[in-house]
Engineer: 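First the structure, then my questions, so here it is.
In listed order, ligands and their atoms are each counted from 1.
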Amino acid sequence: MVGQDWEIAVVALVIGCVLLVLVRELEKPTTELSTRVHEYESRVSTRVEQTLGGIRAVQAFGREALESTRFAKQANESLKANLRLTLLQTASQSGVAVLFACGTAAIIWVTARRVLAGQLSPGDIVLMVGYTALLFKPLETLSYTASSIQGSVAGAHRVFEILDKKPLISDSPHATAIKTPVQGKIEFERVTFGYQPDQKVLDGVDLTIPAGTSVAMVGPSGAGKTTLASLILRFYDPVHGRILLDGRDLRDITLASLRRQIAIVPQEPVLFDVSIHENIAYSRPEATLEDVHAAARAAGAWDFIQALPAGFDTVIGERGVMLSGGQRQRLSLARAFLKDARIVVLDEPTTGLDAQTEADVLSALRRLMAGRTTIIIAHHLHTVRYVDQIIVLQGGALIQTGTHNQLLQQDGLYRQLYNLQYQPQMQPAEVP
Ligand SMILES: Nc1ncnc2c1ncn2[C@@H]1O[C@H](COP(=O)(O)OP(=O)(O)OP(=O)(O)O)[C@@H](O)[C@H]1O
Ligand SMILES: [Mg+2]
């Protein structure tokens, strides 16, 4: 083009530059709008998931209309954001197309004037238009590609935000793995902890659990029992003080090797939408069929599993919805039995069980506890009679320690709780 006529080349280049500037200028608003579209879409799917997950509560409290309105509002926001993005993309593509057409027209006009002046031949018009197309076409393609790249960049940005999040708890650089099975002595030294900086859920807890012994934690709801148990698994680190396992600070032990030593029955059973066999074997995937069956028997789950149409192969639905509360609890227990760990943490393991099953499970639990360090949290005090040590937590502080008989002799919270539970003749008016 420059060889033919440099002025025409300059006109073409100027128009090319305007195209490039346009693409660059549109980058920011397109990325922003794409990010917003992703955000609104994820809000809509979160709402759908929550509402469908809690569909029974929605129906029971007659909140269908409220949930529909909320969903419609969020879906509408998402729709509007999508429309705005589509409008911007359409407008920018139209702009590029118009620029492209105007540019071509300008080149034809300039070249035609040259032809009329006799400086160029008519055939040169065709040649120049061809050259212009060769120059503009890649720029136009680039502008379309840029717009779709910006959408993906916004998505990738959100993904990396999550991937780059530092986990709250991770291995410290000098942490080492536990090689041999632990003895299981656990010590809490002036452990203070809160979920928020100014909150004290545990306040200066001192506690020693000798290896192979059992300790029960009792106390009012919200006293910090589950929190204390979760510190042993290092779901959180103490704010002050430290926790030792066989004399080693938990923070000096690699997380994976620490958690391998501990079997837990959480307060709420956590089950997956896979077969019963896989749910139990979750704690030890390499376990044999016999081991899984033995664990199910020990947890009192054998009979109900056998009564299911596909037995151990029955798939139990999301979070185990196809089972009763007590059945879910027993699968969670079977999982802990199977793990065969030195340390066992049981957070209210017998809630949701009928009296007979509870008695069976308790006797199985006593067998499980033998020779292992066991931490058992319980509201029903008959479940804790046989432990070596009972601790009473109140408002995050350890207020009483001793055996069942020792604590009954003291005038304290334990005796109050005991009297409340075992004096059914008490009239409601007398309950403090
Ligand atoms: N993930 C969390 N984030 C913020 N606060 C929490 C969290 N979990 C518990 N808490 C607070 O910590 C306190 C102790 O809770 P925790 O679950 O340890 O009680 P608990 O003794 O196990 O009670 P319960 O007998 O009802 O199970 C409560 O006041 C609770 O509100
Ligand atoms: Mg709890």
Engineer: List every atom of ligand 1 that sits less than 4.0 Å from any heavy atom of Ala223, numbering the atoms from 1 in the order shown and giving each element.
Structural biologist: 19 (O), 21 (O)

Engineer: Flag the pair Arg372 and Asp340 as a salt bridge only when some basic side-chain nitrogen lies within less than 4.0 angstrom of an acidic carboxylate oxygen.
Structural biologist: yes

Engineer: Surrounding OH of Tyr40 (heavy atoms of other residues, nucleotides or ligands, distance under 6.0 Å), is the total greater than 12?
Structural biologist: yes

Engineer: Using the side chain to side chain donor-acceptor pair (under 3.5 Å) rule, pick out the option among Gln409, Gln400, His404, Gln406 that qualifies with Tyr414.
Structural biologist: His404

Engineer: Hey, is Glu39 close enough to Arg36 for a salt bridge, meaning N to O under 4.0 Å?
Structural biologist: no

Engineer: Is the CD atom of Glu268 crowded by more than 12 outside heavy atoms at less than 6.0 Å?
Structural biologist: no

Engineer: Mind checking whether Gly224 has an N or O less than 3.5 Å away from an N or O of ligand 1?
Structural biologist: yes

Engineer: With heavy atoms under 4.0 Å as the rule, classify the contact between Thr227 and ligand 1 as side chain, backbone, both or neither.
Structural biologist: both

Engineer: Could you name the option among Ser221, Gly219, Gly395 that has the heavy atom nearest to atom 24 (P) of ligand 1?
Structural biologist: Ser221

Engineer: Has Gln267 got an N/O/S atom less than 2.8 Å from the Mg ion (ligand 2)?
Structural biologist: yes

Engineer: Please identify which atoms of ligand 1 are closer than 4.0 Å to at least one heavy atom of His379.
Structural biologist: 25 (O)

Engineer: List ligand 1 atoms under 4.0 Å from Gln267, heavy atoms only on the residue side.
Structural biologist: 24 (P), 27 (O)

Engineer: Show your working on side chain to side chain contact (heavy atoms under 4.5 Å, CB included) between Ile376 and Met217 and close with a plain yes or no.
Structural biologist: CA-CA 6 Å; Ile376 178 166; Met217 269 193 256; over 6 Å; no

Engineer: Closer than 4.0 Å to some heavy atom of Glu348 - which atoms of ligand 1 meet that?
Structural biologist: 25 (O), 27 (O)

Engineer: Evaluating non-hydrogen atoms only, which member of Phe193, Tyr195, Phe235 is closest to atom 4 (C) of ligand 1?
Structural biologist: Tyr195

Engineer: Hey, is atom 31 (O) of ligand 1 under 4.0 Å from any protein heavy atom?
Structural biologist: no

Engineer: Write down the atom of Gly300, the atom of Arg330, and the distance for their closest heavy-atom approach.
Structural biologist: O-NH1, 3.0 Å

Engineer: Identify the protein heavy atom lying closest to atom 29 (O) of ligand 1, giving its residue, its atom name and the separation to 0.1 Å.
Structural biologist: Gly222 O, 4.0 Å

Engineer: Could you tell me the residue and atom name of the protein heavy atom closest to atom 17 (O) of ligand 1, and the distance to it rounded to 0.1 Å?
Structural biologist: Thr226 CB, 3.6 Å

Engineer: Please report the C-alpha distance between Ile316 and Leu308 in whole Å, then the side-chain angles of each, then the deciding distance to 0.1 Å, and finally whether the side chain to side chain contact (heavy atoms under 4.5 Å, CB included) criterion is met.
Structural biologist: CA-CA 10 Å; Ile316 56 172; Leu308 290 170; 5.6 Å; no

Engineer: Quick one: do Asp246 and Arg248 make a salt bridge, cutoff under 4.0 Å?
Structural biologist: no

Engineer: Strictly inside 4.0 angstrom of atom 7 (C) of ligand 1, do you find any protein heavy atom?
Structural biologist: yes

Engineer: Starting from atom 25 (O) of ligand 1, find the nearest protein heavy-atom neighbour and note its residue, name and distance.
Structural biologist: Lys225 NZ, 2.8 Å

Engineer: What do you reckon, is CZ of Arg366 surrounded by more than 12 foreign heavy atoms closer than 6.0 Å?
Structural biologist: yes

Engineer: Is the Mg ion (ligand 2) under 2.8 Å from any N, O or S atom of Ser221?
Structural biologist: no

Engineer: Looking at Val201, which atoms of ligand 1 are within less than 4.0 Å of one of its heavy atoms?
Structural biologist: 12 (O), 13 (C), 14 (C)

